[in-house]
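Below is one structure, written out as structure tokens; the observations come after it.
Sequence lines set the chain letters: A, B, ... in the order given, protein chains first and strands last, and positions in each chain run from 1.
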Protein chains: 2
Amino acid sequence: MDRRILKSREAIVEAFVALMAEKNFEQITINEISERANVSRGTVYLHYTDKFDLLDQCIKSHLVELIESFLPCGATGIFPSKASLLHTFQYLGQHAFFYAAVLANKGVPMFRYRLQAALLRGLDKQIDMNGINRDMNKEMLIQFLTSAIAGMIEWWITNSMPYTDVEVVEQLWALMERNQMVPQPFDKGMTI
Amino acid sequence: MDRRILKSREAIVEAFVALMAEKNFEQITINEISERANVSRGTVYLHYTDKFDLLDQCIKSHLVELIESFLPCGATGIFPSKASLLHTFQYLGQHAFFYAAVLANKGVPMFRYRLQAALLRGLDKQIDMNGINRDMNKEMLIQFLTSAIAGMIEWWITNSMPYTDVEVVEQLWALMERNQMVPQPFDKGMTI
DNA sequence: GGAAGTTTGTTTACTAATGAACGAATCCAG
DNA sequence: CTGGATTCGTTCATTAGTAAACAAACTTCC
């Protein structure tokens with residue numbers, strides 16, 4: 001890909017996200033975006049039809065990344081696994097600026113919904129309905145899981161990540177075990 | 001000016017200076033520069049005939065800035081003044097990365113010479129030969145001043161600025177007063 | 001309500017940047 | 001010495017980005 005395209009897109013998105021952290025989506029103008037991005041206004045229209053399209057593409061690409069953070073280590077393991085959960089929260093921590101901006105921005109409702117929808121799409125493909133989940137209703141299991149995780153994500157990001165990614169995943173995993181949503185740990189007193 | 005030109009030049013110079021801080025000038029290639037600058041190799045040749053030209057333009061523009069730092073507050077005051085000296089060292093502190101790179105780089109001799117030559121050019125125009133300097137030989141005065149200042153600059157930068165700009169100027173100014181190179185302070189016991 | 005000023009989205013002609021190709025020069029290992 | 005690999009400096013056709021202009025749709029404020 002022509003590096004000019006990548007550089008322009010990157011500059012525009014970066015400026016846009018920075019502005020979203022400062023003010024509501026509605027009161028952001030294309031003028032501001034192009035100025036902040038140090039790019040001609042025409043260039044913005046060259047890549048995005050309007051600021052709604054820009055927002056949409058931003059959210060889409062980030063949610064694709066989020067889904068990909070589930071399964072970074074090749075085909076190793078099935079979700080839900082503690083390792084893949086940790087990857088996701090590590091990714092979120094690295095892109096907290098964006099997620100905080102869209103979650104907090106009053107001009108961007110629906111993001112919470114799209115977040116959960118993305119989790120659902122990602123989870124649906126790779127969840128293992130054998131073993132522990134054999135007798136569960138998949139639809140309900142996924143709904144429960146994605147709600148829980150989305151809620152944790154929203155809380156963690158909007159509260160400025162008050163705990164480390166490891167700590168959050170530790171807690172979340174414990175809750176999932178308690179609710180029999182994941183493979184149970186071996187009982188310490190158990191004999192084989 | 002077309003912002004593409006500014007952006008390309010900026011990226012190239014930034015990459016070049018960063019590389020100079022890492023390795024000798026001779027072993028820096030145009031390939032490396034264009035890669036680091038995230039710019040096509042042809043773009044480098046579009047702005048600079050070769051890496052010597054790049055180095056030359058870098059040094060030239062920085063020395064112009066250095067001279068301009070002498071007289072930032074309009075036509076206020078004559079050099080040497082404590083305020084203008086401070087401006088110069090403030091400027092140097094802000095661009096220490098570049099000056100450290102060229103001063104330390106074994107592939108860039110002559111820089112010390114050009115530094116002093118720039119100081120000399122800047123000083124020659126605005127030094128006040130009346131008053132305290134009435135009976136001095138201008139050529140020798142300027143030679144003395146520029147040597148002293150250039151030496152201080154080189155020491156300050158290559159030693160990672162071990163004192164603040166204010167401290168350095170304080171010391172330098174005291175030395176200049178002691179040598180009657182600047183207007184003498186009013187004697188505390190003096191009556192008008 | 002209406003004048004003055006923004007912002008929007010589109011179009012224009014122009015120019016800078018791109019990547020690819022090329023032969024020549026230079027470097028370096030075998 | 002020799003042959004493979006880099007780097008050099010240049011050329012080329014294509015494309016992305018540019019500033020400027022424009023009318024239309026908005027705010028804002030008197």
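B:L92 has its side chain out of reach of B:M161: every pair of non-hydrogen atoms, C-beta onward, lies at least 4.5 Å apart. In this structure, the side chains of B:L85 and B:V168 stay at 4.5 Å or more apart for every pair of heavy atoms.
Taking five base pairs at each end of the helix from C:dG1-D:dC30 to C:dG30-D:dC1, the local helix axes there meet at an angle of 50°, rounded to 10°.
A side chain to side chain donor-acceptor pair (under 3.5 Å) with A:K82 holds for exactly one of A:E177, A:E170, A:H87; it is A:E170.
The separation between A:E35 atom CD and D:dA19 atom C1' is 14 Å, rounded to whole Å. Atom CD in B:Q27 sits about 14 Å away from atom C1' in C:dC27, given to the nearest Å.
With ring centers used as reference points, A:W156 lies 6.0 Å or more from A:Y163. Aromatic ring centroids of A:H95 and A:Y99 lie 6.0 Å or more apart.
Applying the 6.0 Å contact sphere to CD of B:E167 captures more than 12 heavy atoms from other residues, nucleotides or ligands. The environment of CD in A:E14 is sparse: at most 12 heavy-atom neighbours from other residues, nucleotides or ligands sit within 6.0 Å.
Looking at A:D53 and A:K60, no side-chain N of the basic residue comes within less than 4.0 Å of a carboxylate O on the acidic one, giving no salt bridge.
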* Can you give one letter per nucleotide of nucleotides 7-21 of chain C, 5' to 3': B if a protein heavy atom sits under 4.0 Å from the base, S if only from the sugar-phosphate, - if neither? -> SBBB----BBBBB-B
